[in-house]
K.L.:
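First the structure, then my questions, so here it is.
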Amino acid sequence: MRAGALICVLAAALAAALAAPAAAGAPATKTPGQLLVGLSLAAPPFQAGSVRGREVVLAKGYEIDVARALARRLGLRRVRFVNEPSRERLAAAGRKVWDVALARVALTKARARAVGLSEPYLRGDQVVLLRRGLSVVRRLSALRPLELCAERGSRAADVIAGRIRPRSRALYFENVDALGRALQTGRCDAAVGDLASVGSLVRQNRSRFGPVAGRIETAVAYAVVLEKGSPLLAEVDRSLRRLAADGTLGRLAKAWLGLNPSRLPVLR
Amino acid sequence: MRLRRAAVLLLVAAWALTLAPEALPARTRELEVFFLQDGRLAPVQRRTATIAGAVRALLSGPTASERSRGLSSAVPKETPLRGLAVERRIVTVDLGARFAAGRDDVSLRARIGQLVRTVGGIPGVRAVKILVEGGVPVGLFPGYDVRRPLTPAAVRDERGPTVRELQQLLVDLGFLGQDGATGVVDDRTAVAVLAFQKWAGLPRVGVLGPPTVRALERAIRPAPVRLAPGRRLEILLDRQLALLVDGGKVVRAVHISSGAGGRTPVGSFRVYRKERYSWSVPFEVWMPWASYFSGGFAMHEYPVVPAYPASHGCVRVNRYDAQVVYGFASYGTPVDVLPVST
């Protein structure tokens with residue numbers, strides 16, 4: 001009996017020893033050696049996937065690759081994704097089944113009181129794309145005489161009204177396709193939109209537009225969500241800083257969103 | 001009674017046979033499999049009598065001879081078929097991860113089109129439910145909500161822009177009025193297309209053929225020949241177009257026909273007389289929406305506006321835009337009649 005118990009203890013120790021190298025030096029996660037990532041799918045190109053129950057069996061997109069790069073930087077070998085249909089619940093207070101979540105959750109003080117929020121991995125700056133035939137502008141004041149356009153209901157409207165203050169009324173369009181068409185045909189001189197919207201125009205129809213003038217900084221920034229008080233937060237912050245410094249975040253943004261924000265000049 | 005029951009049983013049996021993934025009625029020996037040709041969905045015949053056979057043929061891609069004829073497939077090579085099931089005439093196709101590989105939205109949409117048109121077009125099939133790696137795709141195929149079964153009717157035609165989209169392009173470029181995007185190719189559209197063809201230097205036929213569509217998709221709004229402030233009109237004799245310019249931007253480009261044999265005077269003028277209905281004494285004809293800019297020469301509506309100079313010297317304006325030109329040109333509005341517009 002005693003020998004049997006000893007064997008069991010030894011077997012358990014051996015199993016733990018075998019499992020340990022995968023997570024050696026890695027931070028404590030819900031499952032050792034694995035980063036469990038919460039998502040809120042149906043937001044390409046940020047994240048998309050194939051879902052069985054809550055398990056995401058196939059995942060792709062900018063935030064998916066950011067999560068994978070983060071796991072590598074944290075020293076975790078495995079990454080698993082779970083889908084949270086409600087984005088609000090993802091950033092609400094309470095216990096979480098996942099270690100981290102990425103779903104374009106913007107940093108706000110109210111959210112920071114409910115959950116742990118990392119340093120931003122992407123800024124919600126507005127990007128200015130010019131029509132063909134216009135030369136590059138590098139100052140906000142140079143945008144004022146131009147006819148501007150943007151997607152209706154987007155954050156661009158606030159930036160146009162509050163920061164650019166154009167001389168003529170800006171035009172607003174129902175979707176990014178209509179916006180692209182207006183810019184292509186010269187109905188407006190410059191389109192203002194978030195990185196993904198302008199990036200999608202640039203990625204698919206580069207020759208139909210002029211140069212990207214640059215980005216206008218905003219207070220919006222997207223952060224990784226963690227459980228409130230998670231000991232993982234400091235490690236995540238450190239890893240994100242490194243991923244930004246070595247150009248990984250910029251490369252992933254260029255690949256998935258069409259533009260590398262760190263390469264765009266800031267318009268002031 | 002027995003006979004009726006037997007008939008019902010026979011019908012049910014035939015229906016079940018139709019929907020079995022591996023078997024279809026014997027009369028169906030060939031099924032259509034959809035590939036791509038010039039970006040459009042193009043059917044080819046395959047000798048198979050089963051749904052599974054059709055899906056496998058789709059995943060195998062076009063044959064060498066079909067490829068040499070320009071057929072291709074957006075479905076990645078060696079995409080595995082993980083499973084196939086039929087329930088209530090809805091076919092569930094479970095494919096490997098390769099089916100969703102890549103970042104090209106056009107290619108991802110085309111795959112859905114190929115699969116749904118191939119399977120959904122099989123007699124007896126009501127809709128197609130797509131799974132990837134056994135899971136429900138969410139956001140993997142931009143433009144399609146694949147969480148629900150799709151019918152062939154839901155497949156977006158990748159043949160390029162629709163008539164309404166092309167009309168909207170003509171509106172955005174200034175060749176067509178805002179209310180001209182009707183979705184139907186009408187006479188007004190033909191007039192706008194003609195104006196665009198004149199500007200783009202294309203054959204003046206007024207038809208939305210492939211060269212015109214290609215040019216439209218890349219076109220930018222016409223620019224005025226002269227840089228001057230305020231509201232002005234430019235009559236481009238070489239292009240047979242009138243440009244309505246406001247603040248240095250062309251707000252409308254209008255199909256016109258000027259004087260045959262160079263009878264329209266060239267120079268800078270101003271609108272000095274406007275008449276809702278003007279009567280031409282020498283030619284004894286009504287000229288609606290007339291804006292006179294030099295002597296007896298006016299811009300006015302005329303029922304016949306060919307693609308070449310045909311008038312006695314006036315600027316004929318097509319009936320869809322005559323009122324627009326009349327409303328734009330006030331007393332004193334500058335009118336530049338330019339022989340060359342480049």
Side-chain angles (χ1 to χ4, degrees), chain A residues 39-62 64-65 81 83 85 131-134 145-147 149 167-168 171 173-174 176-189 199-200 203-205 207-210 254-258, chain B residues 82 94-109 130-147 161-162 164-176 178 181 196 199 216-224 246-251 253:
Chain A
L39 302 173
S40 184
L41 290 177
F46 289 95
Q47 48 179 272
S50 194
V51 188
R52 207 186 299 146
R54 284 191 64 187
E55 184 82 5
V56 180
V57 290
L58 171 73
K60 59 188 261 195
Y62 169 72
I64 304 300
D65 281 358
F81 297 97
N83 191 36
R131 71 166 165 79
R132 267 189 308 184
L134 283 186
L146 303 182
E147 202 150 338
C149 51
R167 284 182 203 149
S168 55
L171 301 171
F173 297 92
E174 288 307 318
V176 73
D177 289 339
L179 177 67
R181 207 169 49 228
L183 188 66
Q184 179 208 326
T185 57
R187 271 187 85 185
C188 56
D189 300 315
S200 74
R203 195 154 54 104
Q204 296 193 10
N205 305 301
S207 62
R208 296 183 186 178
F209 306 109
K254 170 84 178 162
W256 285 104
L257 310 179
Chain B
R82 289 165 42 94
D94 185 2
L95 296 163
R98 286 183 69 82
F99 189 67
R103 294 172 196 160
D104 181 0
D105 289 357
V106 175
S107 169
L108 289 163
R109 277 199 298 272
I130 300 166
L131 299 179
V132 177
E133 286 292 315
V136 177
V138 184
L140 280 176
F141 303 98
Y144 284 111
D145 185 358
V146 194
R147 287 174 287 190
T162 61
R164 192 182 292 277
E165 285 167 342
L166 290 170
Q167 286 172 325
Q168 190 57 51
L169 267 175
L170 288 165
V171 170
D172 292 346
L173 290 164
F175 294 98
L176 185 62
Q178 283 291 344
F196 171 69
W199 176 258
L216 256 177
E217 288 186 299
R218 303 190 57 79
I220 58 173
R221 187 170 271 250
D246 194 354
K249 287 195 169 182
V250 172
V251 292

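These figures come from a predicted structure and were not determined experimentally. Proteins get letters first, then strands, A, B, ... in listed order; numbering begins at 1 in each.
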K.L.:
Tell me, side chain or backbone of B/Ala219 under 4.5 Å from chain A's heavy atoms, or both, or neither?
P.N.:
backbone
K.L.:
So which heavy atom on B/Leu216 is nearest to which on A/Gln184, and how close?
P.N.:
O-NE2, 3.9 Å
K.L.:
At a 4.5 Å cut-off on heavy atoms, which part of A/Arg131 comes close to chain B: side chain, backbone, both, or neither?
P.N.:
neither
K.L.:
What's the spacing between A/Ser50 OG and B/Asp94 CG if we round to 0.5 Å?
P.N.:
8.0 Å
K.L.:
Output all residues satisfying ring pair (Phe, Tyr, Trp, His ring centres under 6.0 Å) with B/Phe196, sequence neighbours left out; order by chain, then residue number.
P.N.:
B/Phe175
K.L.:
At a heavy-atom distance under 4.5 Å, which candidate from A/Asn83, A/Val56, A/Val57 has the highest pair count against chain B?
P.N.:
A/Val57
K.L.:
Which pair of heavy atoms, one from A/Gly186 and one from B/Arg221, lies closest together, and at what distance?
P.N.:
O-CD, 4.0 Å
K.L.:
To the closest 0.5 Å, what do you measure between CD (B/Glu133) and CD (A/Glu55)?
P.N.:
12.0 Å
K.L.:
For chain A, find which of B/Ala97, B/Pro142, B/Gly134 contributes the most heavy-atom pairs closer than 4.5 angstrom.
P.N.:
B/Gly134
K.L.:
Are more than 12 heavy atoms, taken from residues, nucleotides or ligands other than B/Lys249, located less than 6.0 Å from that residue's NZ atom?
P.N.:
yes
K.L.:
Quick check: closest heavy atoms across B/Arg103 and A/Arg203, and the distance to 0.1 Å?
P.N.:
O-NH1, 3.4 Å
K.L.:
For A/Arg187, check side chain to side chain donor-acceptor pair (under 3.5 Å) against everything at least two apart and list the hits.
P.N.:
B/Asp172
K.L.:
Quick check on B/Ala223 against chain A: is it the side chain, the backbone, both or neither that has a heavy atom closer than 4.5 Å?
P.N.:
neither
K.L.:
Measure distances from A/Leu58 to the heavy atoms of chain B and classify the residue's part below 4.5 Å as side chain, backbone, both or neither.
P.N.:
side chain
K.L.:
Can you tell me how far the CD atom of B/Gln168 sits from the CG atom of A/Asp177, to the nearest 0.5 Å?
P.N.:
12.0 Å
K.L.:
Heavy-atom cut-off 4.5 Å, strictly under: side chain, backbone, both or neither for A/Ala255 against chain B?
P.N.:
both
K.L.:
Check each atom of B/Leu170 against the heavy atoms of chain A and say whether the ones under 4.5 Å are side chain, backbone, both or neither.
P.N.:
neither
